[in-house]
Amino acid sequence: MKNDKMEKGFLKTKKTLMERIKGAFTGEIDEDLYEELTEILVLADVGFPIAEKIIDSSREYLSRGQLKDEEAVIDAVKRSASDLLNEKAKVPGDEPVETPAIILVSGVNGVGKTTSIAKLANMYKNKGKSVLLAAADTFRAAASEQLAVWAERLDVPIIKSQEGQDAAGIIFDALSSGHAKGYDVIICDTAGRLQSKKNLMNELEKMYRVCEKNKGDYNLYSLVILDAMSGQNSLVQLESFSEMKKPDGIIVTKLDGSAKGGVILAIASTSEIPIWYVGVGEGVDDIETFDVDSYIDAIFE
């Protein structure tokens with residue numbers, strides 16, 4: 001089924017891919033074309049190993065096909081990419097979160113963590129769920145204030161730090177309030193960057209321990225935010241955040257502002273962690289559940 005938001009969100013990626021693939025086709029399907037198609041996918045941040053797999057599979061479709069035009073080439077690449085994702089991608093389903101739920105949201109500074117939390121809060125609120133926010137990123141200046149602005153806009157409550165309180169203490173207060181008042185979803189902003197990776201992981205581990213100990217009958221989930229504009233570096237970030245505890249899901253952001261939407265092919269086909277949602281615009285409603293067919297259609301149709 002066509003997804004208009006996905007189409008809009010991946011427009012830059014689609015435009016760039018289609019122009020390059022059509023420009024590569026000169027009427028001959030030969031080794032030069034296959035090499036150029038591989039390079040085109042690499043430039044879209046698919047990554048060389050995945051690009052090579054897709055193009056190798058495309059050879060089979062093209063060798064069996066009777067048509068030898070640019071549409072046949074596009075269709076072969078599309079079908080190969082679809083085959084790969086349908087085989088490899090971990091798909092969370094339409095409702096990956098079972099309420100009541102605690103969601104810990106991580107990600108390095110600048111990936112759109114605060115905005116993604118706002119989108120999640122809005123999404124759950126629109127589904128009729130009561131939402132509580134916890135501003136536990138105490139290590140970035142103005143992080144708490146930014147989340148508080150979103151809380152006011154969305155008309156959802158927020159737990160912020162008291163003077164001298166650490167991040168884990170804010171999480172504890174949020175869980176206590178959430179249990180007492182019966183909130184369906186508690187979304188916690190967490191540390192994005194400290195002075196070293198070791199300190200960051202130690203702080204995140206402390207937050208997880210507090211949640212595990214005090215979650216009660218809530219289901220505990222962790223999400224990591226990845227910025228599409230970071231390209232292949234997002235895979236490095238995912239690996240770092242997975243060292244302490246493997247996240248339950250991924251949100252890929254800023255897809256509308258980048259032609260690097262191919263990075264989703266790399267993430268989805270190589271990671272054991274499923275992509276839950278994709279950010280396809282700047283609006284608070286611009287978040288979509290990741291779906292392989294909608295994604296493939298959005299970048300190749």
If we ignore hydrogens and angles and just use 3.5 Å, is the side chain of Thr253 paired with the main-chain N or O of Leu226 as donor and acceptor?
yes
Could you check whether Tyr277 and Phe290 have their ring centres less than 6.0 Å apart?
no
OG on Ser106 to CD on Glu203, rounded to 0.5 Å:
11.0 Å
With a 4.5 Å limit on heavy-atom distance, are the side chains of Ile50 and Thr270 in contact?
yes
Looking only at the side chains, is there a donor atom on one of Ser80 and Ser58 sitting less than 3.5 Å from an acceptor on the other?
yes
Cluster check Leu11, Ile21: I/L/V/M/F/W/Y, side chain < 4.5 angstrom:
no
Would Ser294 and Asp291 count as having a side-chain donor-acceptor pair, cut-off 3.5 Å?
yes
Rounded at 0.5 Å granularity, tell me how far OG1 in Thr99 sits from OH in Tyr183.
15.0 Å
Working for side chain to side chain donor-acceptor pair (under 3.5 Å), residues Asp184 and Tyr218
CA-CA 9 Å; Asp184 296 312; Tyr218 278 62; over 6 Å; no
With heavy-atom distances below 4.5 Å as the criterion, would you say the side chains of Leu41 and Leu17 are in contact?
yes
Would you say Lys8 has more than 12 foreign heavy atoms packed within less than 6.0 Å of its NZ?
no
So which heavy atom on Lys245 is nearest to which on Ser222, and how close?
NZ-OG, 4.2 Å
